[in-house]
Amino acid sequence: MLIRDFMAREPICLRPDDNVQHAAKIFSKYEIDGAPVVDETGKLAGIFTKTHVMRAIAGGMPVDTPVRHLMRRQVYTIFEDDVPESAWEMALKYGIGRVPVVDRQNRLVGMMTRTRLVQAFEQKYKNIISFLNAVLNCALSGICAVDGKGMVVIFNRSAARITGLSVEQVVGRHVEEVIPQSGLLKVLQTGRASYGQKIVLHGATVIANQAPVIYEDRIIGAVSLFHDVSEVEALSQQLETVKRMAQELDTIINASSEGIALFDQAGRVLKLNRTYEQVEGVNGEEIQGLGAKELVQKGYLSFLAVLAALEKKGAASVIEHLRTGREVLTTATPIVDEQSGNIRRIVVNCRDLTELAELRRRLEEERARYHAELESLRWEARGAERLVAESSSMRDVLAVAERVAPFDSNVLILGESGTGKDLLARFIHHRSTRAAGPFIAVDCAAIPENLLESELFGYTAGAFTGAGRQGKPGLIEMADGGTLFLNEIGELSPGLQAKLLTVIQDKQVRRLGGVKSCPVNFRLIAATNRDLEQMVARGTFRRDLFYRINVIPIRIPPLRERSEDIIPLVHHFLHRFNKKFNVFRRLAPETLELLQHYSWPGNVRELENVMERLVVISVDEVIGPDSLPEQIRRTALSVLVKKGCPEPALLINLYRQLGSTRKVAAALGVNQSTVVRWLKKHGYNLSASRS
């Protein structure tokens, strides 16, 4: 409800040129205490009251004095689309009995009196009461409420239906007269609530919840909500029946020798029985909610029938060879809504066509391969995602690694520190035929030379002072059946180079202090950030060992040569550290711009460390350029300067930080006039900032 619904329209008005005598006649004729004054355009100019008339007479002013000289120009008004509460507050605050109503152009459109305000509130509360009564009557529970004297004030339709009493018989009478068993009088007296009480109301057995109605620490009534026991018991029995039927249906479906699956109208998995899980080789709970298209992309080909049924909006059948080695006939049958004609559910039947003997034979053959593939998939889920390769050069590196992985040829990975040589080595291992075997990584630069030999080759009991009583196998022995990764191989001493060459040639290793050699079968992957060819020329690295390990060289380009990978790596590490530290940080666009144009001499490792630092030390959700290390910010800005005017936000931020264009010019290595021109180009007011 709005003011316009209750205001008095076309109110008695005065003009600014009307005199005092005319105003007095108007007040006497219409028995009013005052009137608004409007100009020729209808806009409110002021208000003239009896008080102004009496002041004019008392002051000896002529009766033909225009009211504009005496009227009050400051007038409290309300808009026609205001609510009545605003007019009531104004009337109480300023002691006004009549409030002018204006439109948004200040034109007078009516008057709001206290009488009309009372009518507005009366109508509003009638509407509220009608609405509350409608709500109470919609409730399925019986509701009975009494006031502080025990008189029934609320008795809804459900209460009448349950008890057999009409609303007219109950409302307005004392509760003890009409429903003495209700217990509401006791609640009024004790102030204690009760729940789940089984009582008899006028012959009907109900479950009732009763509570006092408290207002300002005083009990002003009590209320009871009750349900017919017979209705509750009937619903409980129906629920139990449905539950039992659902359990029986699940048992029947799971006992079926055919695979059965249920999908919703969008092709998402709702349920699979055990046979289907076994045929497809999938856990139903793990894929619940996934779409058929996504499942097919993951290799679950028995769900192709679902896509066909959705496309043709009818039953569809396909025969497929699954990755489990089984040949199946899958039929998808839509369940269509009779009224709308839309698909509600899709039932899939999967029948195994492979003969039992053939199945057993193939299952044994596939078991070992399945475990290797599973381990590979697990590694890919954990580690392959860390190999970001958006640039063409990095994609070429991964393509070469993918091609050589199945073969046991020795691989030499070259690249600067921090480029991810260890990750590439693991990538090759988990795609090789040795994926199920161990991956033994040795950092030749991290282990002291006097310990490295015993770590690599192991030792027998008593081989040297401090050696363990049982001896210890070396890392080369532990790599048997898998991959040996020698990182920073260029740091090996000449003596260890000779011993390693013997192991590679003979595929046998002898522990320190031992007299017998034992065979060892491993695939060698070596890595270094040094130029081995120059070391061979200088005589610091054995030529024959170099040719042994340099069968397939793979060079990982530094990060500065594959700038396309910087932003994907930034987002990858940001996501990882947000998850690790349970925070949510994001980068401002200008921060990304600086990171993109930094040369990253420490490569991916440096980028990873910087991202961890930003996530940990940042106090704001958005990481701005001020959070970057000074070296990165200055270096990247210099690169941007060489390309032209830097990003506006970066330039203005640097100016605010340093405080003068001269310091900005010194930081960027340009003339001060260039900085001033850049700032003006981007609309930055230098004079305003100085003031």
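Along the sequence shown, residues are numbered consecutively beginning with 1.
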### Message
Would you compute the distance between atom CD of Gln189 and atom CZ of Arg192 and round it to the nearest 0.5 angstrom?
### Response
12.0 Å
### Task
Keeping the roles fixed (side chain from Asp620, backbone from Val622), state whether a donor-acceptor pair exists under 3.5 Å.
no
## Note on the structure
In this structure, CD1 of Ile162 is separated from OG1 of Thr205 (nearest 0.5 Å) by 11.5 Å
### Message
Can you confirm whether His174 is buried at NE2, in the sense that more than 12 heavy atoms of other residues, nucleotides or ligands lie under 6.0 Å from that atom?
### Response
yes
Using distance only, find each side-chain donor-acceptor pair of residues 176-187 under 3.5 Å and give its atom names and separation, not counting sequence neighbours.
{"unit_1": "Ser182", "atom_1": "OG", "unit_2": "Ile179", "atom_2": "O", "d": "3.2"}
{"unit_1": "Ser182", "atom_1": "OG", "unit_2": "Leu184", "atom_2": "N", "d": "3.3"}

### Over 12 non-hydrogen atoms of neighbours within 6.0 angstrom of CZ in Arg345
yes
#### Entry: Donor-acceptor pair, side chain of Asn137 and main chain of Ala134, under 3.5 angstrom
no
#### Entry: Over all atoms of both residues, closest heavy-atom pair of Val306 and Gly267
CG1-CA, 4.3 Å
### Message
Other residues, nucleotides and ligands only: do more than 12 of their heavy atoms fall within 6.0 Å of NZ on Lys50?
### Response
yes
### Message
Using every non-hydrogen atom in the two residues, find where Cys350 and Thr330 come nearest and quote the distance to one decimal.
### Response
SG-OG1, 3.9 Å
### Message
I'd like to check Phe226 versus Asn209 (side-chain heavy atoms, cut-off strictly below 4.5 Å). Are they in contact?
### Response
no
### Task
Apply side chain to side chain contact (heavy atoms under 4.5 Å, CB included) to Leu262 and Ile346, showing your working.
CA-CA 6 Å; Leu262 184 64; Ile346 300 175; over 6 Å; no
### Lys198 and Ile207, any side-chain heavy atoms less than 4.5 Å apart
yes
### Query
Is there a donor-acceptor contact under 3.5 Å from the side chain of Asp337 to the main chain of Arg344?
no
#### Entry: Note, Val146 side chain near Val153 side chain (heavy atom, < 4.5 Å)
no
### Query
What residue among Leu304, Leu290, Leu307 forms side chain to side chain contact (heavy atoms under 4.5 Å, CB included) with Leu295?
Leu290
#### Entry: side chain to side chain contact (heavy atoms under 4.5 Å, CB included) between Glu612 and Phe581, intermediate numbers included
CA-CA 10 Å; Glu612 182 174 8; Phe581 299 118; 3.6 Å; yes
### Query
When you check the gap from the basic side-chain N to the acidic O, do Glu621 and Arg585 get nearer than 4.0 Å?
no
#### Entry: Test item: Asp33 and Phe27 side chains (from C-beta on) under 4.5 Å apart, heavy atoms
no
### Message
With side chain to side chain contact (heavy atoms under 4.5 Å, CB included) as the criterion, how do Val616 and Leu614 come out once you've worked through the C-alpha distance, each side chain's angles and the decisive distance to 0.1 Å?
### Response
CA-CA 6 Å; Val616 170; Leu614 293 177; over 6 Å; no
### Task
Would you check if the side chain of Glu286 reaches a backbone N or O of Asn283 as a donor-acceptor pair within less than 3.5 Å?
no
### Message
Could you tell me if the side chain of Val102 sits less than 4.5 Å from the side chain of Phe79, heavy atoms only?
### Response
yes
### Message
Could you walk me through whether Ser166 and Gln169 satisfy the side-chain hydrogen bond (donor to acceptor under 3.5 Å, both in side chains) test, starting with their C-alpha distance in whole Å, then the side-chain angles of each, then the deciding distance to 0.1 Å, before giving a yes or no?
### Response
CA-CA 5 Å; Ser166 66; Gln169 289 177 293; 3.1 Å; yes
### Summary
Gly191 and Pro212 have their tightest heavy-atom pair at O-CG, 3.4 Å
### Summary
Only residue of Ile47, Val38, Val37 satisfying side chain to side chain contact (heavy atoms under 4.5 Å, CB included) with Leu14 is Val37
### Message
Check whether Gln288 reaches the backbone of Val269 with its side chain - one donor and one acceptor, N or O, closer than 3.5 Å.
### Response
no
### Message
Using modelled atom types and a 3.5 Å cut-off, is there a donor and acceptor pairing between side-chain atoms of Ser627 and backbone atoms of Ile623?
### Response
no
### Summary
In this structure, CG of Leu188 is separated from CD1 of Ile220 (nearest 0.5 Å) by 10.5 Å
#### Entry: Check: Asn342 and Val336 side chains under 4.5 Å, non-hydrogen atoms
no
### Query
Say you draw a straight line from CD1 of Ile26 to CD1 of Ile32; how long is it, rounded to the nearest 0.5 Å?
7.5 Å
### Minimal non-hydrogen separation, Val167 against Phe155, with atom names
CG2-O, 3.4 Å
### Query
How far apart are the closest heavy atoms of Tyr76 and Pro100, and which atoms are they?
O-CD, 3.4 Å
### Query
Which value, rounded to the nearest 0.5 Å, describes the distance between Phe584 atom CZ and Asn578 atom CG?
7.0 Å
### Query
So, does Asn156 use its side chain to make a donor-acceptor pair with the main chain of Ile143 at under 3.5 Å?
yes
### Beyond-backbone contact of Met611 with Leu587, side-chain heavy atoms, under 4.5 angstrom
yes
### Message
Check the orientation of Phe263 and Phe303. Use parallel for under 30°, tilted for 30 to 60°, and perpendicular for over 60°.
### Response
perpendicular
### Query
Does any N or O in the side chain of Asn273 come within less than 3.5 Å of the main-chain N or O of Gly259, such that one atom is a donor and the other an acceptor?
no
### Message
Test side chain to side chain contact (heavy atoms under 4.5 Å, CB included) on Val583 and Val615; report intermediate values, then the result.
### Response
CA-CA 8 Å; Val583 296; Val615 170; 3.6 Å; yes
Counting only pairs under 3.5 Å, give me each side-chain donor-acceptor contact of residues 103-112, with atom names and distances, residues two or more places apart or in other chains.
{"unit_1": "Asp103", "atom_1": "OD1", "unit_2": "Gln105", "atom_2": "N", "d": "3.0"}
{"unit_1": "Asp103", "atom_1": "OD1", "unit_2": "Asn106", "atom_2": "N", "d": "3.1"}
{"unit_1": "Asp103", "atom_1": "OD1", "unit_2": "Arg107", "atom_2": "N", "d": "2.8"}
{"unit_1": "Asp103", "atom_1": "OD2", "unit_2": "Arg107", "atom_2": "NE", "d": "3.1"}
{"unit_1": "Asp103", "atom_1": "OD2", "unit_2": "Arg107", "atom_2": "NH2", "d": "3.1"}
{"unit_1": "Arg104", "atom_1": "NH2", "unit_2": "Asp81", "atom_2": "OD1", "d": "3.1"}
{"unit_1": "Arg104", "atom_1": "NH2", "unit_2": "Asp81", "atom_2": "OD2", "d": "3.3"}
{"unit_1": "Gln105", "atom_1": "OE1", "unit_2": "Arg107", "atom_2": "NH2", "d": "3.4"}
{"unit_1": "Asn106", "atom_1": "ND2", "unit_2": "Leu44", "atom_2": "O", "d": "3.4"}

### Message
Quick check on side chain to side chain contact (heavy atoms under 4.5 Å, CB included): which of Arg576, His572, Arg613 does Glu608 satisfy it with?
### Response
Arg576
### Query
In Å, rounded to the nearest 0.5 Å, how long is the span from CD of Glu31 to CD1 of Ile12?
12.0 Å
### Within-4.5 Å side-chain heavy-atom neighbours: Met151 and Lys149
yes
#### Entry: Expected output: side-chain His52 to main-chain Gly34 donor-acceptor under 3.5 Å
no
### Query
At their closest point, which heavy atom of Ala208 faces which heavy atom of Ser224, and how far apart are they?
CB-OG, 4.0 Å
